[in-house]
Amino acid sequence: MPPVPPLLHTAANASARPPGESMLHKLAHTAMLQHAMEPDFSPAALAEAGAAKPAPIVQDGQVRDLRNLLWASIDNDDSRDLDQLSVSLPLADGAVKILIAIADVDCLVKKGSAMDAHAAINTTSVYTVAGIFPMLPEKLSTDLTSLNEGQERVAMVVEMTVAADGSITAGNLYRAIVLNRARLAYNAVAAWLEGGAPAPAKVSALPGMEQQLRTQDTAAQALKRARHANGALELETPDVQPLYKDGVLADMLPAKKNRARELIEEFMVASNGVTARFLDQKKLPSLRRVLPVPRRWDRIMALAASVGDVLPAAPDAVALDAFLGRRRQADPQHFPDISLAVVKLLGAGEYALCLPGQTSVGHFGLAVKDYMHTTAPNRRFPDLVAQRLLKSALAGQSSTYSAEELAAIARQCTQQEGNAAKVERQIRKSATAQLMVSRVGSRFSAVVTGASEKGVWVRVSGPTAEGRLVRGFAGLDVGDRVDVELLSTDVVRGFIDFATVGAKS
């Protein structure tokens, strides 16, 4: 999987298994088992998937028919599990009605089924350099429950009105029949929106689609400005994507954000907030995605001081974002490094039960109070759980899950998200170690990305690689810059060992 933005867990996908990477795939399979995740589906789950048939297109008073709208998906070039579509409807005074259609996965993956049991254990698809370990069988996630181009589907729709100033003035949820008119890719749409290329062929071929996407882009940028006015952090972490040549891993390249990714990210944040408030209004519990106030604010202050800047003594998202903006302008080349340091110091997000009427901790990095994961039910279990809660709300029924069940699911999802990240990181390190074998003895400029009693880690570029600093690490902390020498690599264990230049053996 191309790396996920640290503050907004939107998933993406790569080909199921790159050719010629069998050793890495075996390592990934072993890593899944070592981290309490199931790499293979049970015979019962496979039997359920094999017997699954397309969900019927039901038209009644509870399901609207929105097939006439210009729905489109925007995802990675090689994405096969399409979870959401979007469309815009311009209103008066610069406002826009945005509709987000979310794949109805619950229609085929029922609570308590064998497929549901597998999803409840892993809680997420795991995207490694060696291939994908999907949360659900691919017959569903890439076909029957995917919002594929040209396929009519019943979906959950989040409707929200975005004012010209980026505020959300109204929101609603319902089920509807939708039709994906165009499967679009981030890079091509972004190049066009940013003025660097003509519109993608599918956009030009559909009357009204160009204006449709420009309206969505305008609304997304308004949402972004509003969030950043409240302190949402604009970070640029040096995430990496594998580059294959003739089926062999050739490089690890930085993955960059673009205008199309921002469009989808802003819509996902906004729709997740609408969903959280909807469940609260219906007096139902929810699984919130939270990121508390950072515990290592003192180190973030020290990081700012190291470049001649000042942050307030108490955690302040608006002040932190302003500092990041100044650093982006003053030193764009090294801004990804300082972004990564801030991400590490913010800590990891987690899932938490939120009861009706209860105030959520909120998400410090996104600068939102009401936030949950709902838009990727093919890839994340919390989103599938949320879908079932929404169906209960729409039917006027009590919660599908008890508070105790939701609290346990929150703990499991938080733990397994961490385990999935460990698997992905471990295999990425094994792949990178494979690339770095010929670079032993080379020197690099590095940034410290982790520092604890367990050790100190640094990241280098060309190729992008992270490894442990085994000598010369005394006194170093996250965000420090240091020159290092590559000492050794171990592909099987994924070890890449560095030493500070000049450090004694």
Side-chain angles (χ1 to χ4, degrees), residues 11 48-75 79-89 97-113 115-116 119 134-160 171-184 264 267-268 271-272 274-275 278-279 282 284 372-397 399-400:
E48 286 179 355
K53 297 180 180 180
I57 302 299
V58 178
Q59 287 184 267
D60 56 31
Q62 304 300 315
V63 180
R64 306 184 188 186
D65 189 348
L66 301 181
R67 284 173 287 190
N68 63 310
L69 300 180
L70 279 177
W71 296 100
S73 61
I74 309 176
D75 215 309
S79 291
R80 298 169 59 217
D81 49 351
L82 303 180
D83 277 303
Q84 69 271 323
L85 312 176
S86 57
V87 72
S88 62
L89 303 171
K97 183 178 290 185
I98 298 295
L99 306 182
I100 305 297
I102 302 167
D104 186 351
V105 176
D106 173 67
C107 67
L108 294 181
V109 182
K110 297 301 182 182
K111 182 184 178 186
S113 65
M115 289 188 292
D116 184 58
M135 185 183 80
L136 297 172
E138 290 190 338
K139 180 181 176 182
L140 276 76
S141 62
T142 67
D143 183 10
L144 300 183
T145 58
S146 179
L147 299 177
N148 293 338
E149 183 179 279
Q151 296 294 315
E152 295 181 351
R153 296 279 191 257
V154 175
M156 192 72 68
V157 173
V158 181
E159 177 185 296
M160 53 192 171
N172 193 20
L173 281 102
Y174 47 83
R175 299 179 73 213
I177 307 171
V178 300
L179 173 62
N180 185 355
R181 303 297 189 88
R183 177 183 175 277
L184 305 175
I264 296 302
F267 285 176
M268 296 309 100
S271 59
N272 285 334
V274 169
T275 304
F278 182 85
L279 286 174
K282 297 294 184 178
L284 288 181
M372 59 189 295
H373 279 167
T374 65
T375 59
N378 276 308
R379 314 172 187 181
R380 287 188 307 230
F381 191 61
D383 306 55
L384 179 54
V385 169
Q387 195 162 88
R388 292 167 178 159
L389 293 171
L390 287 169
K391 286 186 177 181
S392 295
L394 291 173
Q397 299 172 349
S399 173
T400 312

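Note that the structure is a prediction, hence the values are computed from the model and not measured. Start at 1 with the first residue, then count along the sequence.
Surrounding NZ of K282 are at most 12 heavy atoms belonging to other residues, nucleotides or ligands under 6.0 Å away. With a 6.0 Å radius and a threshold of 12 heavy atoms from other residues, nucleotides or ligands, K139 has its NZ atom above the threshold. The environment of CD in Q397 is crowded: more than 12 heavy-atom neighbours from other residues, nucleotides or ligands sit within 6.0 Å.
For the atom pair OG1 of T374 and CE of M268, the computed distance is 8.0 Å after rounding to the nearest 0.5 Å. The CD1 atom of I177 lies 4.5 Å from the CG atom of D65; values are rounded to the nearest 0.5 Å. To the nearest 0.5 Å, atom OG of residue S88 and atom CZ of residue F267 are 7.0 Å apart. Once rounded to the nearest 0.5 Å, the distance linking OG of S79 with CG of N148 reads 11.0 Å.
One finds no salt bridge joining D143 and R80 here, because no Lys/Arg side-chain nitrogen approaches an Asp/Glu carboxylate oxygen to under 4.0 Å. Between R153 and D104 there is no salt bridge, since no side-chain N of the basic residue sits under 4.0 Å from a carboxylate O of the acidic one. The pair E152-R67 counts as a salt bridge, with a side-chain nitrogen and a carboxylate oxygen less than 4.0 angstrom apart. Taking a cutoff of 4.0 Å between a charged side-chain nitrogen and a carboxylate oxygen, K110 and D116 do not qualify as a salt bridge.
Side chains of K391 and T400 form no contact here, defined as non-hydrogen atoms less than 4.5 Å apart. Counting only heavy atoms from C-beta outward, the side chains of R181 and L85 never approach each other to under 4.5 Å. Inter-residue side-chain proximity for R183 and L82 is flagged as met; some heavy-atom pair is nearer than 4.5 Å. At least one side-chain heavy atom of P137 sits less than 4.5 Å from a side-chain heavy atom of M115. No side-chain heavy atom of V154 sits less than 4.5 Å from a side-chain heavy atom of C107. In this structure, L69 and L89 have side chains that are in contact, with non-hydrogen atoms separated by less than 4.5 Å.
Here the shortest heavy-atom pairing between L140 and A52 reads CD1-CB, 4.1 Å. Between F381 and R388 the shortest heavy-atom distance is CE1-NH1, 4.2 Å. Here the shortest heavy-atom pairing between L389 and S399 reads CD2-OG, 3.2 Å. Shortest non-hydrogen contact noted between A119 and L136 is CB-CD2, 4.1 Å. Taking each heavy atom of V158 and I102 in turn, the nearest pair found is CG2-CD1, 3.9 Å. Nearest heavy atoms, M156 versus L394: SD-CD1, 3.8 Å.
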(message) Under the criterion side-chain contact (heavy atoms from CB on, under 4.5 Å), I'd like the reasoning laid out for R175 against R64: C-alpha separation, chi angles, the key distance, then a yes or no.
(response) CA-CA 6 Å; R175 299 179 73 213; R64 306 184 188 186; over 6 Å; no
(message) Applying side-chain contact (heavy atoms from CB on, under 4.5 Å) to V105 and Q387, what does each step give before you reach the verdict?
(response) CA-CA 8 Å; V105 176; Q387 195 162 88; 4.0 Å; yes
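For D83 (side chain) and T375 (main-chain N/O), no donor-acceptor pair under 3.5 Å exists by modelled atom type. Under a 3.5 Å cut-off, the side chain of W71 and the backbone N or O of A182 do not form any donor-acceptor pair. A donor-acceptor pair under 3.5 Å links the side-chain atoms of N272 to the main chain of M372, judged by distance alone. No donor-acceptor pair under 3.5 Å is formed between the side chain of S113 and the backbone N or O of V109. Between the side chain of Q84 and the backbone N or O of I264, no donor-acceptor pair lies under 3.5 Å.
Tested against M160 for a side chain to side chain contact (heavy atoms under 4.5 Å, CB included), the candidates L99, V274, T275 yield a single pass: V274. Checking T142, T145, D383 one by one against N378, the side-chain hydrogen bond (donor to acceptor under 3.5 Å, both in side chains) holds for a single residue, T145.
Donor-acceptor pairing under 3.5 Å is lacking for the side chains of S146 and D81.
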